[in-house]
Amino acid sequence: MRVADDLTVIVVGYRHERFVEATLASIEAQSWRPARVILCDDASDDRSAELMRAWAERTDLAVTLRLAEVNRGLTATLNGALAEVRTPFYTYISADDLMRPQRVERQLPVLRADPELAFVYCDAARIDESGRALPEAFSDLYRRIWNPPTDTYPMLMEGSWIPAVSVMCRTSCVRAVGGYDESLFFEDFDLWLRLASRWPFTHVDDPLVVFRDVSTSLGHSRFRDEDNGWHWAKVRMRGKHFGRDRATDVAVARIIRPWLITLLRRGESQAQLAPY
């Protein structure tokens, strides 16, 4: 069994007692095993932390436990884990998702081979809460922009097609852009945009990870048209890039305008909207 001594895996869980053992088993089953696993539980009120602790005691992988007593949210939890990463590369996985056995072996050499790359992603298969396979992978859901995927900053500005569970990052790049934005309630697209604005990124076509479609996930509970916070997040993420260059300014203005109009019509503060 080969050890990838330059890779850390971060696992982030909240109320994932039904799934966390399968997630951890999928890390143990990697053909290239990580140098360290950082297990984070964000003050779950179920047995998630207990199951993480038990796994840490019996696995032969090197494990760091970060079991919070107060809920801090996803982005703050990830920043806490990022501060403990000591390897050039890392990836994180939600405690309800899975890695397929060749995931590390297929993605890590891509990052190693090109020192300019900030991250590499892959396709993701999808399962339901019971573990049954869903008919469409991520690439099917985002076929308009995935086939073929255009791994460029301008394309990513239009909208994300990248499964968060699939991304493997260069640690120094993530730290250079400031890590995760704790003012946002979700973590991924904002970081991918900031990384892509400075460095190239690429992908591996195959579905090397499995995303579990859970009814209580942020995707179901918050990524909804009626949620003003969702629209504000989309505006703020892209607003960070205004002033970069003329082409980016034109794209940002075009993309965020409909959301600003929606927020204005819904009675959001004109003072808050005015800067945009």
Side-chain angles (χ1 to χ4, degrees), residues 1-13 19-40 52 55-56 58-64 78 81-82 84-127 131 133-134 137-140 142 146-149 151 161-175 187-188 191-192 195-196 199-212:
M1 188 70 66
R2 182 166 178 174
V3 175
D5 58 6
D6 51 357
L7 179 73
T8 297
V9 174
I10 299 171
V11 181
V12 179
F19 315 118
V20 64
E21 290 180 307
T23 300
L24 299 176
S26 77
I27 297 171
E28 278 192 310
Q30 289 298 295
S31 57
W32 289 16
R33 305 176 90 194
R36 180 166 294 276
V37 180
I38 301 176
L39 297 182
C40 307
M52 285 183 175
W55 182 80
R58 68 176 180 265
T59 185
D60 59 355
L61 291 170
V63 178
T64 298
L78 281 168
L82 177 63
E84 297 199 23
V85 173
R86 301 290 181 264
T87 52
F89 311 108
Y90 81 94
T91 186
Y92 82 88
I93 183 171
S94 174
D96 55 354
D97 297 329
L98 304 169
M99 296 184 185
R100 286 180 166 166
Q102 305 299 314
R103 188 263 174 102
V104 173
E105 182 177 353
R106 292 286 306 282
Q107 283 189 298
L108 186 57
V110 177
L111 280 175
R112 287 175 174 173
D114 187 346
E116 295 299 312
L117 286 175
F119 64 91
V120 59
Y121 69 95
C122 62
D123 199 358
R126 297 166 61 245
I127 59 176
L134 295 173
F138 260 76
S139 57
D140 298 313
Y142 295 92
W146 188 294
N147 189 22
D151 291 335
W161 64 91
I162 298 173
V165 62
S166 78
V167 177
M168 188 175 289
C169 296
R170 190 176 302 274
T171 309
S172 60
C173 291
V174 176
R175 287 179 172 150
E187 82 296 356
D188 54 339
L191 180 60
W192 311 155
L195 290 171
W199 300 283
F201 62 102
T202 192
H203 70 281
V204 175
D205 275 325
D206 296 334
L208 303 175
V209 294
V210 181
F211 171 79
R212 192 184 300 270

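For this chain, numbers begin at 1 and follow the sequence in order.
- Inter-residue side-chain proximity for T59 and V37 is flagged as unmet; no heavy-atom pair is nearer than 4.5 Å.
- Inter-residue side-chain proximity for D206 and R106 is flagged as met; some heavy-atom pair is nearer than 4.5 Å.
- Take F89 and apply the ring-ring contact (aromatic ring centres under 6.0 Å, His included) test, not counting sequence neighbours, and it matches no residue.
- Taken from CG in L134 to CG in D140, the straight-line distance is 11.0 Å, to the nearest 0.5 Å.
- Considering every non-hydrogen atom in both Y90 and L82, the closest pair reads CE2-CD1, 3.8 Å.
- Look at D114 and R170 and you find no salt bridge, because none of the NZ, NE, NH1 or NH2 atoms lies under 4.0 Å from a carboxylate O.
- Put simply, CZ on R36 and CG on D5 are 12.5 Å apart, with the number rounded to the nearest 0.5 Å.
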*Are C40 and I38 close enough, and set up right, to give a side chain to side chain contact (heavy atoms under 4.5 Å, CB included), and what steps lead you there?*
CA-CA 6 Å; C40 307; I38 301 176; 3.9 Å; yes
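- Inter-residue side-chain proximity for R100 and V210 is flagged as met; some heavy-atom pair is nearer than 4.5 Å.
- To the nearest 0.5 Å, atom CE of residue M52 and atom CD of residue E21 are 11.0 Å apart.
- If you check the side chains of T91 and R103, you find a donor sitting under 3.5 Å from an acceptor.
- Minimum interatomic distance between S31 and Q102 (heavy atoms only, all atoms of both residues): OG-OE1, 3.5 Å.
- Of the listed residues (P163, S166, S139), just one forms a side-chain contact (heavy atoms from CB on, under 4.5 Å) with C122, and that residue is S166.
- Using a 4.5 Å heavy-atom cutoff, the side chains of I127 and F211 are not in contact.
- The shortest heavy-atom contact between A35 and A62 is O-CB, 3.5 Å.
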*asked:* Let's go through V110 and L117 carefully: what are the C-alpha distance in whole Å and the side-chain angles of both, what is the deciding distance for side chain to side chain contact (heavy atoms under 4.5 Å, CB included) to 0.1 Å, and is it a yes or a no?
replied: CA-CA 9 Å; V110 177; L117 286 175; 3.9 Å; yes
*Which is it for V120 and F201 under the side chain to side chain contact (heavy atoms under 4.5 Å, CB included) test, yes or no, and what are the steps along the way?*
CA-CA 6 Å; V120 59; F201 62 102; over 6 Å; no
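- Within the 4.5 Å cutoff, the side chain of L191 has heavy atoms near those of the V174 side chain.
- Residues S94 and V165 are not in side-chain contact: their nearest non-hydrogen atoms beyond the backbone lie 4.5 Å or more apart.
- The shortest side-chain heavy-atom distance between T8 and R86 does not fall under the 4.5 Å cut-off.
- Separation of atoms OG (S26) and CD1 (I93) is listed at 5.0 Å; rounding is to 0.5 Å.
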*Check the pair I10 / L78 against side chain to side chain contact (heavy atoms under 4.5 Å, CB included), numbers first and verdict last.*
CA-CA 8 Å; I10 299 171; L78 281 168; 4.3 Å; yes
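- How far CZ of F138 is from OH of Y121: 12.0 Å, rounded to the nearest 0.5 Å.
- Q30 and V104 get closest at one heavy-atom pair: OE1-N, 3.0 Å.
- Residues P207 and A125 approach most closely at CB-N, 3.7 Å, considering heavy atoms.
- Counting all heavy atoms, side chain and backbone alike, W199 lies closest to A118 at CB-CB, 3.8 Å.
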*Any chance you could lay out the side-chain hydrogen bond (donor to acceptor under 3.5 Å, both in side chains) test for D6 and T87, step after step, and finish with the verdict?*
CA-CA 5 Å; D6 51 357; T87 52; over 6 Å; no
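- Side-chain contact between Y142 and I162: absent, with no pair of heavy atoms (C-beta onward) separated by less than 4.5 Å.
- M99 CE to Q107 CD: the interatomic distance, rounded to the nearest 0.5 Å, is 8.5 Å.
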